[in-house]
Amino acid sequence: QAFLVESGGGLVQAGGSLRLSCAASALPFRTYIMAWFRQAPGKEREFVSAVSRSGDDTSYADSVKDRFTISRDNVKSTVYLQMNSLKPEDTAVYYCAAKNWGVIGLRAGEYDYWGQGTQVTVSS
């Protein structure tokens with residue numbers, strides 16, 4: 001059973017920054033594509049960003065491009081999401097996800113493992 005544990009969420013003012021971390025265990029991390037999704041109250045879970053197995057390729061939702069940066073450390077089995085210039089509309093529960101087949105995907109249904117989520121709240 002694989003485990004993904006997110007951390008780093010919290011309350012921040014608009015324009016501020018947060019860095020989310022997702023530590024993986026019980027899975028061969030280097031073979032997994034890693035992603036971040038988010039879900040706001042009353043909304044569907046949406047893609048935020050993903051990173052390839054090597055870390056060389058990344059993908060971002062248009063709403064976060066140029067503000068968020070995804071990265072991974074295959075030695076520490078951890079994926080990060082650096083979030084800058086945060087906006088109130090970024091408020092959501094952020095989830096880490098993993099898949100070990102295919103290429104970077106944007107659909108939640110493609111991912112096999114999920115963390116429990118970490119709350120990010122951006123005040124105006």
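Because only heavy atoms are used, hydrogens play no part in the values below, and waters and symmetry mates are left out as well, while side chains stay in.
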Report yes or no: do Val93 and Leu86 belong to one cluster of Ile/Leu/Val/Met/Phe/Trp/Tyr joined by side chain heavy-atom distances under 4.5 Å?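 As far as the 4.5 Å side-chain criterion goes, Leu86 and Val93 are not connected within one cluster.
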Electrostatic pair Asp62-Lys65, nearest N-O below 4.0 angstrom: yes
Is there a side-chain contact between [X] and [Y] in this structure, where contact means two heavy atoms from C-beta onward sitting under 4.5 Å apart?
{"X": "Val12", "Y": "Met83", "value": "no"}
{"X": "Gln13", "Y": "Val122", "value": "no"}
{"X": "Leu18", "Y": "Val120", "value": "yes"}

Output field: ring centroids [X]/[Y] closer than 6.0 Å:
{"X": "Trp36", "Y": "Phe68", "result": "no"}
{"X": "Phe37", "Y": "Tyr95", "result": "no"}
{"X": "Tyr113", "Y": "Phe3", "result": "no"}

Exercise: identify the closest heavy-atom pair between [X] and [Y]:
{"X": "Trp114", "Y": "Ala108", "answer": "CZ2-O, 3.3 Å"}
{"X": "Lys99", "Y": "Gly105", "answer": "NZ-N, 4.1 Å"}
{"X": "Ile104", "Y": "Ser52", "answer": "CD1-N, 3.7 Å"}
{"X": "Leu81", "Y": "Val48", "answer": "CD2-CG1, 4.1 Å"}
{"X": "Val79", "Y": "Cys96", "answer": "CG1-SG, 3.8 Å"}
{"X": "Arg67", "Y": "Ser85", "answer": "NH1-O, 3.0 Å"}

Just do the side-chain contact (heavy atoms from CB on, under 4.5 Å) check on Ser59 and Leu106 with the steps written out, would you? CA-CA 9 Å; Ser59 181; Leu106 309 185; 3.8 Å; yes
[X] side chain vs [Y] backbone, donor-acceptor pair below 3.5 Å:
{"X": "Glu6", "Y": "Gln116", "result": "yes"}
{"X": "Arg72", "Y": "Phe29", "result": "yes"}
{"X": "Thr78", "Y": "Lys76", "result": "yes"}
{"X": "Asn74", "Y": "Arg53", "result": "yes"}

Under the side-chain contact (heavy atoms from CB on, under 4.5 Å) criterion, do Trp101 and Ile33 qualify, and how do the steps go? CA-CA 8 Å; Trp101 57 275; Ile33 293 167; over 6 Å; no
Say you draw a straight line from OH of Tyr80 to OG1 of Thr69; how long is it, rounded to the nearest 0.5 Å?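 Separation between the atoms: 14.0 Å.
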Distance check, rounded to the nearest 0.5 Å: Tyr32 atom OH versus Leu27 atom CG?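 The OH atom of Tyr32 sits 5.0 Å away from the CG atom of Leu27.
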Looking only at the side chains, is there a donor atom on one of Ser17 and Asn84 sitting less than 3.5 Å from an acceptor on the other?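 Yes - a donor-acceptor pair under 3.5 Å links their side chains.
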Does the side chain of Glu89 pick up a donor-acceptor pair with the side chain of Thr91 at under 3.5 Å? no
So which of Glu46, Arg45, Lys43 actually passes side chain to side chain contact (heavy atoms under 4.5 Å, CB included) with Arg38? Glu46
Please evaluate residues Gln82 and Ser71 with respect to the criterion side-chain contact (heavy atoms from CB on, under 4.5 Å), reporting the C-alpha separation (whole Å), side-chain torsions for both, the decisive distance (0.1 Å), and the verdict. CA-CA 8 Å; Gln82 178 67 43; Ser71 61; over 6 Å; no
Between Ser7 and Leu20, is a side-chain contact (heavy atoms from CB on, under 4.5 Å) present by the stated rule, with each step listed? CA-CA 6 Å; Ser7 61; Leu20 305 184; over 6 Å; no
